[in-house]
Amino acid sequence: MIAAGLSFYQYFYKVKSKSRVTLLLAFLRFFTVFGLLLLLINPIISRKTVEISKTPLPIIVDNSASIKDLKADKVALELFEKLKNNSALSDKFEVQSYQFDADFLPADTIDFKGKQTNIALVAKNLKNIYKNQHYPTVLITDGNQTSGEDYVYGFAAEQKVYPLVVGDTATYLDLRVTQLNVNKYAFHKNKYPVEVFLNYSGNKAVNATFKIVQGNSVLNEQTVAFSPTKKAVTLNVLLPADKVGLQLLKATISSKESEKNTYNNTKNFAVEVIDQKTEVALVSTIAHPDLGAIKRSIETNAQRKVTLLKPRDIKSLTDYNVLILYQPNGEFKSVFDQNEKAKVNSWIITGNDTDYGFLNQHQSSFTFKMSSQKEDYLASFESQFNLFALDNIGFEQYPPLENPFGAITASGNVNTLLSSTIHNIPTQQPLLSFVENQGRRSAYLFGENLWKWRAEQYLNKKSFVDFDVFLDKTIQYLASTNARKSLVVNHERFYNSGEGIAITAQFFNKNYELDERARLSIAVTNTKTKQVKNYDLLRTSNAFKVNLDGLVAGHYSFTVKESNSNSVYSNGFEVLDFDIEKQFVNPDWNTLNQLAIQTKGKAYLANEAEVLIKQLLADESYKAIQKTIVKKSPLIDWIWLLVVIATSLAAEWLVRKYHGLL
């Protein structure tokens, strides 16, 4: 009314001549004033929208190579397309498709070429994707898992799982070398153990022959009896380590009966026989959990042997390659005096029971000014560390080490792997450092409770491997007396086909600093076919790395070259013939059925897809939820209203200008 009154007053009140132009101007003025007054009031506009939220239905297909080996790839793909494109299921559920092998991915390209099967990964990802939702899961798979944790208890018990089992479930006679356990290393003129697990599928008694051969030589042969009630046998064999170097061996089991799958009758393995063992003396005057953790961790490498000693027990240091001096005090004087002549590389670990005055007198790499107050020191990884290749295994997340508070000053050429922080504040002091002086190497760790690091590693990764590798590389550095090389390459002597083949390298300049501008390449040659493949090594945090995945079984020689300096490193490795996805002759119906029972679902065979669809459609516990969403927005947020007001003002001005009314 105000806008209309103002418009009438300005364009019609006491105006003698009225035209269509006047009417247009009055309307524009009315709309402008109306819009401005409306914005001043700024009412809140409410809008209601109704949304239908359907229950998610993840349909997950196994993309591993075992599906193809069981000749079930076409069936699996047909079932997947049938379920994904079913209109009735789409009406009731929000159908979402995924695939898995060693990874869990959207079902974009299904080619059944996955090298590993990890069904437990499916359970973990579904929990993350569908948090706090109630949904069923359709799992198209053969159930044969080759990596990861037990998947039966990985899925949430309240979320029904419907395995759709593909592959021939009929029982065929099959002998299989299921697993073979052997250490990577053995010592010359000793015997090394081999543990072999053999399995049998069949309905009659069978006598099989088990052999371990090397080339044309049979190292072990024995007869193994199986029956319908005895389907698994474990053998423990001792083999002689007569030759130094990489030894390639083959374990086989065979019988007179014909088998559908003979690939799983053989398992190749390798052992590197060495003629040198690292003797480590762990010297301490106190009892501490660190001692057991250090010993256990170092001895995971069969090349290492750790002996726990008190200082007075050491008669000669020539029996040891590395000394670990745990919290030295005055009783260590004889050890330090002997080592002045023996010059054995050492690792000094300090803590609350360390005599720092004694250390100041008997080593010159660090000067200590310590108080009686204890302090907790967290670790901070130094990415520029270049003595040996080591990735950050999560040192910053490890519990703090305990050491007296004070100043630790380096007085020589020190290379720090870990620096210390207090409450995330850098102290500018080392926590773990290495010193090399006139060919003699030393390491220093300033803090006790190293055992907590190893325990934390297991809690996070369910494995000690990363921590044990960290300690192993530390001991390897201390045990080596070789002069530092400009090009250092790390690799294994043998790999299983299908596994990751990673080779890392470091290149140092004349000051033994990691040269980030180095250009490293590798040429890999199959010694049998003479085929050569060339790769560039890519820069990582503290090394250069190349992945040679996809190499077929065989022996390979390789050469790593740095282009600017022409530095070269040559060696070789063996890729063993082993495809874990070819080990199966049947789908694992029993485990998948157990999974279905555990989650209150049901397992179905491939020809029962229609029954599964009816079951999902009939299940009343999965209903769509209707949501009413009310959105409130102030009128001033409507940008278009401001645009229209501005347009109205501009139009009124132009019309008045055109007709000479300004």
Side-chain angles (χ1 to χ4, degrees), residues 115 184-186 214-215 243-249 268-276 301 303 383-391 436 469 472-473 476-477 479-579:
K115 299 296 184 182
K184 287 186 176 182
Y185 304 97
Q214 183 177 16
K243 301 177 183 178
V244 176
L246 186 64
Q247 310 299 316
L248 302 178
L249 303 100
N268 295 290
F269 65 102
V271 175
E272 186 170 0
V273 178
I274 55 178
D275 59 359
Q276 183 180 5
N301 186 338
Q303 298 181 74
S383 60
Q384 299 303 313
F385 179 79
N386 56 28
L387 293 182
F388 50 84
L390 182 70
D391 293 327
E436 186 170 349
V469 168
D472 182 69
K473 289 193 175 185
Q476 181 180 346
Y477 170 77
S480 174
T481 57
N482 296 332
R484 292 186 65 182
K485 300 177 182 178
S486 59
L487 180 58
V488 179
V489 180
N490 294 284
H491 63 96
E492 298 287 349
R493 291 298 305 277
F494 58 89
Y495 302 89
N496 285 323
S497 60
E499 295 180 349
I501 302 175
I503 295 178
T504 59
Q506 292 178 307
F507 183 76
F508 302 100
N509 58 26
K510 292 181 180 180
N511 293 327
Y512 291 110
E513 298 171 341
L514 189 65
D515 190 348
E516 298 182 358
R517 296 174 298 175
R519 297 174 58 193
L520 296 177
S521 60
I522 182 173
V524 182
T525 305
N526 187 312
T527 56
K528 184 177 180 180
T529 64
K530 305 303 179 182
Q531 182 182 10
V532 180
K533 293 185 177 181
N534 295 291
Y535 305 87
D536 290 325
L537 278 76
L538 301 180
R539 179 83 170 88
T540 62
S541 59
N542 62 343
F544 294 86
K545 186 176 183 180
V546 63
N547 289 312
L548 305 176
D549 302 348
L551 294 180
V552 298
H555 184 268
Y556 293 85
S557 62
F558 70 90
T559 299
V560 178
K561 183 178 180 180
E562 202 284 316
S563 301
N564 298 323
S565 64
N566 290 324
S567 298
V568 172
Y569 173 89
S570 298
N571 212 315
F573 59 84
E574 190 84 21
V575 178
L576 305 180
D577 182 16
F578 177 71
D579 189 344

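What's counted below: heavy atoms across the whole structure, side chains too, no hydrogens, waters or symmetry copies.
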Inset, instruction - Answer yes or no on whether Arg493 is positioned over the face of Phe573, meaning its NZ or CZ is under 6.0 Å from the six-membered ring centre and within 45° of the axis. - result: no
Inset, instruction - To the nearest 0.5 angstrom, please state how far the CG atom of Leu487 sits from the CZ atom of Phe544. - result: 10.0 Å
Legend entry - Listed partners of Tyr569 passing side-chain hydrogen bond (donor to acceptor under 3.5 Å, both in side chains), at least two apart: His491, Asn571
Legend entry - Contacts of Arg519 that satisfy salt bridge (Lys or Arg N to Asp or Glu O under 4.0 Å) - sequence neighbours left out: none
Legend entry - Nearest non-hydrogen partners of Tyr185 and Val271, listed with the distance: C-CG1, 4.2 Å
Inset, instruction - Classify the side-chain pair Thr559/Ser570 by whether it contains a donor and acceptor separated by less than 3.5 Å. - result: yes
Legend entry - Atom pair CG (Asp577) and CG (Asn496), whose distance is rounded to the nearest 0.5 Å: 9.5 Å
Inset, instruction - Report the distance from atom CD of Gln506 to atom CG of Leu390, rounding to the nearest 0.5 Å. - result: 9.5 Å
Legend entry - Within residues 528-538 or reaching into it, pairs that qualify as salt bridge (charged side-chain N to carboxylate O under 4.0 Å, His left out) - sequence neighbours excluded: none
Inset, instruction - Name all residues meeting the side chain to side chain contact (heavy atoms under 4.5 Å, CB included) criterion together with Ala502; count only those two or more places apart in sequence or in a different chain, and write none if there are none. - result: Lys545, Asn547
Inset, instruction - Hey, could you give me each pair passing salt bridge (charged side-chain N to carboxylate O under 4.0 Å, His left out) that has a residue in residues 548-568? Not counting sequence neighbours. - result: none
Legend entry - Side chains of Val560 and Val546 in contact at under 4.5 Å (non-hydrogen atoms): no
Inset, instruction - Mind checking side-chain hydrogen bond (donor to acceptor under 3.5 Å, both in side chains) for Gln214 and listing every partner two or more places apart, or none if nothing turns up? - result: Gln247
Legend entry - Backbone N/O of Ala543 and side chain of Thr504: donor-acceptor pair under 3.5 Å: no
Inset, instruction - For residues Gln384 and Glu516, determine if any side-chain heavy atom of one lies less than 4.5 Å from a side-chain heavy atom of the other. - result: yes
